[in-house]
Amino acid sequence: MKAAVYYENGGPEVFRYEDVPDPECHRKGIIVRVEAVSIEGGDTLNRFRGQLVTRPHIVGYQAAGEVVQVGEEVETIRVGQKVVTTGSHGSHAELRAVPARTAWVIPDGMDVKQAACIPVPFGTADDCLFEFGRMKKGEIVLVQAGASGVGVAAIQLAARAGASMVLATASSDERLERLKPLGLTHGINYQRDNVVQEVMRLTDKHGADVIVDSVGGPTLQSSILSLAYRGRVSMVGQAGREPMKVDVGTMMGGNRSLSGVFLGAEINTDRVHDNIQRLIGDVHRGELKVLIDREFSLADAAEAHRYIESRQAVGRVLLIP
């Protein structure tokens with residue numbers, strides 16, 4: 001099969017488009033012929049500095065396609081079905097092998113490209129808001145990096161759950177404008193405005209009750225300073241790639257809390273598996289929207305990663321084998 005691989009960490013230029021052996025099917029797993037790869041923020045971070053667990057390494061968490069082989073112990077999925085899959089690596093290829101437990105059946109008639117964008121960002125956003133952020137109707141929500149996959153999902157989920165105000169940050173007014181139809185109340189251009197000051201101005205000094213922060217680095221401290229009394233930050237990633245320097249003392253006076261969120265730690269649980277299947281159904285019914293910004297061929301994985309890191313995208317960037 002063909003795959004986008006690399007032999008050492010680095011920038012997008014490390015990618016090579018090469019022939020590699022086809023994956024083997026585990027007795028509890030499946031093989032999928034990939035039709036669409038959703039590039040996740042963790043994919044670019046892993047390419048930059050993650051462990052190469054294979055050599056050459058095929059990066060990538062999430063992809064969707066048609067099941068072409070099923071392990072002898074798999075009873076819930078059959079050959080010919082369309083599924084969306086997650087895994088620690090291996091999405092940037094024409095074929096991928098995953099445990100059946102980390103695959104979700106795509107409803108008949110649903111666009112495979114749309115489905116490819118759901119499990120990690122929507123599942124993560126849901127956990128950040130509700131499982132760990134404990135969001136309630138009427139609360140104020142701030143989404144850092146609102147134009148990211150997690151951001152696009154979190155804005156919609158917060159609005160749907162009855163947030164009184166949904167704030168989000170992005171690098172330009174143009175990107176923020178594209179988020180308004182999803183339920184964004186006010187956008188904050190972090191390249192121009194002081195985020196903490198803007199949050200306090202927009203909320204009449206109340207602050208945000210729940211914050212979804214996928215950026216980390218110095219942004220995490222600004223999230224903590226933007227919290228309301230008893231506010232909660234769900235920290236889910238380090239897209240900024242800078243060291244996290246947090247003054248935990250700034251949390252005490254307001255009885256604020258910070259939770260680290262990693263969907264992968266519970267991806268095999270019934271709770272998360274069922275939740276992701278529900279979210280896939282919500283998108284299929286039109287209750288939630290997936291934003292696909294741009295598509296690249298699998299051979300152009302370097303260009304796709306370079307585009308994501310330019311911070312121009314709103315929503316997902318796909319690779320198409």
Side-chain angles (χ1 to χ4, degrees), residues 3-6 8-12 14-15 34 36-54 56-64 84-93 96 98-99 102-104 115-128 131-132 143-154 212-217 219-220 234-244 259-268 272 276 279 290-294 296 298 301-302 304-311 313-319:
V5 305
Y6 52 85
E8 66 279 329
N9 295 117
V14 300
F15 274 115
V34 176
V37 179
S38 174
I39 305 175
E40 301 302 311
D43 297 349
T44 63
L45 189 62
N46 274 295
R47 186 215 69 237
F48 180 66
R49 67 181 182 201
Q51 182 181 7
L52 278 67
V53 296
T54 59
H57 187 60
I58 304 173
V59 77
Y61 288 134
Q62 191 164 269
V84 55
T85 66
T86 64
S88 60
H89 61 280
S91 77
H92 289 35
R96 85 175 308 196
V98 296
T102 58
W104 293 264
C117 303
I118 298 172
V120 172
F122 279 81
T124 296
D126 197 273
D127 264 11
C128 285
E131 182 70 14
F132 298 98
V143 180
Q144 299 276 22
S148 68
V150 170
V152 165
V212 178
D213 189 333
S214 62
V215 182
T219 299
L220 182 58
S234 290
M235 189 277 292
V236 57
Q238 201 171 352
R241 301 184 183 179
E242 299 174 77
M244 295 195 194
S259 295
V261 179
F262 175 48
L263 188 73
E266 299 187 11
I267 198 78
N268 289 318
V272 171
I276 290 174
L279 291 165
V290 166
L291 295 187
I292 297 175
D293 184 278
R294 190 171 294 189
F296 293 81
L298 180 60
H305 276 232
R306 191 170 289 114
Y307 176 66
I308 291 171
E309 291 175 343
S310 73
R311 299 187 179 181
V314 177
R316 297 289 77 181
V317 174
L318 301 186
L319 293 176

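Just so you know, residue 1 is the first one in the sequence shown, and it goes up from there.
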*Does the side chain of Pro121 come within less than 4.5 Å of Val152's, by heavy atoms?*
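The answer is no, as the side chains (C-beta and beyond) never meet within the 4.5 Å cut-off.
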* Taking the side chain as every heavy atom from C-beta outward, state whether Thr85 and Thr102 have any atom pair closer than 4.5 Å. =>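 Sidechains of Thr102 and Thr85: no contact.
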Is it true that a side-chain atom of [X] and a backbone atom of [Y] form a donor plus acceptor pair closer than 3.5 Å?
X      : Y      : value
Arg47  : Gly60  : no
Asp43  : Tyr61  : yes
Gln62  : Val120 : yes
Arg294 : Leu318 : no
Asp293 : Val314 : yes
Asn46  : Gln51  : no
Ser234 : Ser259 : no

His92 and its side chain to side chain contact (heavy atoms under 4.5 Å, CB included) partner, picked from Val34, Val37, Val5: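 By the side chain to side chain contact (heavy atoms under 4.5 Å, CB included) criterion, His92 pairs with just one of Val34, Val37, Val5: Val37.
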inquiry  = Under the side chain to side chain contact (heavy atoms under 4.5 Å, CB included) test against Ile276, which residue among Asp126, Leu263, Val84 passes?
reply    =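 Considering Asp126, Leu263, Val84, a side chain to side chain contact (heavy atoms under 4.5 Å, CB included) with Ile276 is found only for Leu263.
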Nearest atoms (heavy-atom pairs only) where [X] meets [Y]:
X      : Y      : value
Ala153 : Phe122 : CB-CD2, 3.5 Å
Ile58  : Ala93  : CG2-CB, 4.1 Å
Ala36  : Ala116 : O-CB, 3.8 Å
Cys117 : Val290 : CB-CG1, 3.5 Å
Ala115 : Pro119 : O-CD, 3.7 Å

In Å and rounded to the nearest 0.5 Å, what is the [atom1] to [atom2] distance from [X] to [Y]?
X      : Y      : atom1 : atom2 : value
Phe296 : Arg306 : CZ    : CZ    : 10.0 Å
Tyr307 : Thr44  : OH    : OG1   : 14.0 Å
Ile267 : Thr124 : CD1   : OG1   : 7.5 Å

Please evaluate residues Glu40 and Arg316 with respect to the criterion side chain to side chain contact (heavy atoms under 4.5 Å, CB included), reporting the C-alpha separation (whole Å), side-chain torsions for both, the decisive distance (0.1 Å), and the verdict. CA-CA 8 Å; Glu40 301 302 311; Arg316 297 289 77 181; 2.7 Å; yes
Derivation and outcome, side chain to side chain contact (heavy atoms under 4.5 Å, CB included), residues Leu220 and Val215
CA-CA 7 Å; Leu220 182 58; Val215 182; over 6 Å; no
- Message: Test side chain to side chain contact (heavy atoms under 4.5 Å, CB included) on Val98 and Thr86; report intermediate values, then the result.
- Response: CA-CA 7 Å; Val98 296; Thr86 64; over 6 Å; no
For this session: Take Val14 and Asn9 through the test side chain to side chain contact (heavy atoms under 4.5 Å, CB included) and record every step on the way to the result.
Result: CA-CA 7 Å; Val14 300; Asn9 295 117; over 6 Å; no
